[in-house]
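Every number for a ligand or one of its atoms is a count from 1 in the order of the listing. Computed from a predicted structure; not experimentally measured.
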Amino acid sequence: FYRWANPKCDGELPPGSMGLPIIGETIEFFTAHKLYDIPPFIRKRMTRYGDVFKTSLVGQKVVVSTDPEINYNIFQQENKSFLIWYTESFIEILGQESLLKYHGKIHKYLKNLILQLVSPESLRVKLLPEMNEATRRHLQSWAERGAVDVKEVASDMIFEYFSKKLISYDEKKNKRKLRENYTAFIEGLISFPLNIPGTKFHACIQGRNNAIKIIKEIYEQRKASNKPGNDFLDHMLEEVAREDTILNEAIAIDLIFVLLFATYETTSAAITLLTKYIFDHPKVIEELTKEHEAIIRNRKEDNSDMTWEEYKSMTFTHMVINETVRLANIVPGIFRKVVKDVKIKGYTIPEGWVMMVVPSVLHLSPDKYEDPLAFNPWRWEGQELHAGSKTFMAFGGGIRLCVGADFAKLQMAVFLHSFVTKYRWSVTKGGTAIRKPGLVFPDGLHIQIEEKEAVEVN
Ligand code: HEM
């Protein structure tokens, strides 16, 4: 017990407690808490020990940093003093060949592959028209139903659209249901890693295995048929077939699996919170409507879709998006492994330890954001809206910066464009968000929605 509580270190470790042997402080870390606050686990230790403290989570020795300078340096030192790291259980469920496991050359290569799908140029030329169409169609169907749970229908919309882009998957035509396996997978993704039947973690692993089976089947069928699907999978197959490639079948399948998850779960959570925040702030809806109606008025053709230039011009919309992801803190923690002893604030963090960056601490800091818990898009006025910084890291930082950030922001803007100009809607129920520490909406976010024209005609 003494050795557990006092780990070896060639210098002085930060203050903090290692908790119980093996379990460490894991149970307290996984305790559910409210969305709009710094996690109590972190707050309590910040008060007791300061900006940097040690702990132990899921069997791993961890140092938590809540200091913007240190966090920034951790991201800048990627592949030097630090390497991306996630728990064994997280890697087990995301895939042994997932992008998160790779560093250096292979990481760069995989990131470039993804960028062929979601780079600003691809978004502008290929994805925007399709995103416009899918979003319009889905919003229309929400209005036809009259009442919907935004978390559920936004997830459906993005899943349907992006699984088609990736592997031409169509939930309606396919007998094996990819979506339900993803749902089981996501529910247990950030849960206590106990792999026995009945636990969320166990269901999560099964969800992953089933989803991988379906993706693999589609991969094999396409490979055998030689018929292009005009999707990302075509591109994967071409790459795997090349002689000088790093890509193999297992990496390609894990990449598709992770991309689908990373896209639909994060972006649908962002759209759900965005809806809630603007509903709670009618002045924001008013300002958004003004911005989007002005765009429509300036068009030569009445029914044309949102263009890339219009998207770039929506200053207030971008302020709303930044404010949403600042408060949402969709990714609760970012982990890096220490690859050689590092000195931080006079402390030594030994090789093999893990550093955890907690973005919510920065995003909810009154030193940087006045009245930090308030949803106030105007606070972004005159500020850089399109990049991360030491105090804004909703999409991470450094070379591991989220490769899908532009996709998520574009999807949120496309959604807002129709949502505020074409529909009347109001929240009727739900909207509570909890962290476990992954973000969940136990009662969803229910809205009543109808088309504006329909109201006028009636
Ligand atoms: C609001 C939506 C999103 C948020 C808040 C978000 C957040 C993040 C964060 C914080 C990271 C950094 C993780 C780390 O450094 O360990 C990250 C990485 C990543 N994100 Fe996102 N993300 C979002 C949407 C997306 C979308 C739409 C995609 C799909 C195209 C995506 C794909 C990825 C990938 C592949 C990585 C790993 C990048 C790497 O390791 O180089 N994300 N995301």
Could Arg208 and Phe257 be counted as a cation-pi pair, given that NZ or CZ must be under 6.0 Å from the ring centre and within 45° of the axis? yes
Qualifying residue, where the test is side chain to side chain contact (heavy atoms under 4.5 Å, CB included) with Leu439 and the options are Thr272, Leu273, Thr266, Ile434: Leu273
Arg222 (side chain) donor-acceptor with Leu237 (main chain) under 3.5 angstrom: no
Exercise answer, ligand 1 polar atom pairs (N/O) under 3.5 angstrom:
residue	atom	partner	partner atom	Å
ligand 1	15 (O)	Arg336	NH2	2.6
ligand 1	16 (O)	Tyr86	OH	2.6
ligand 1	16 (O)	Arg336	NH1	3.1
ligand 1	40 (O)	Arg400	NH1	2.8
ligand 1	41 (O)	His107	NE2	2.6
ligand 1	41 (O)	Lys111	NZ	3.4

Side chains of Ser163 and Tyr264: do they bring a donor and an acceptor to under 3.5 Å? no
Using 4.0 Å as the upper bound for N to carboxylate O, is an ion pair formed by Glu28 and Lys44? yes
Any sub-3.5 Å donor-acceptor pair from Lys54's side-chain atoms to Pro14's backbone N or O? yes
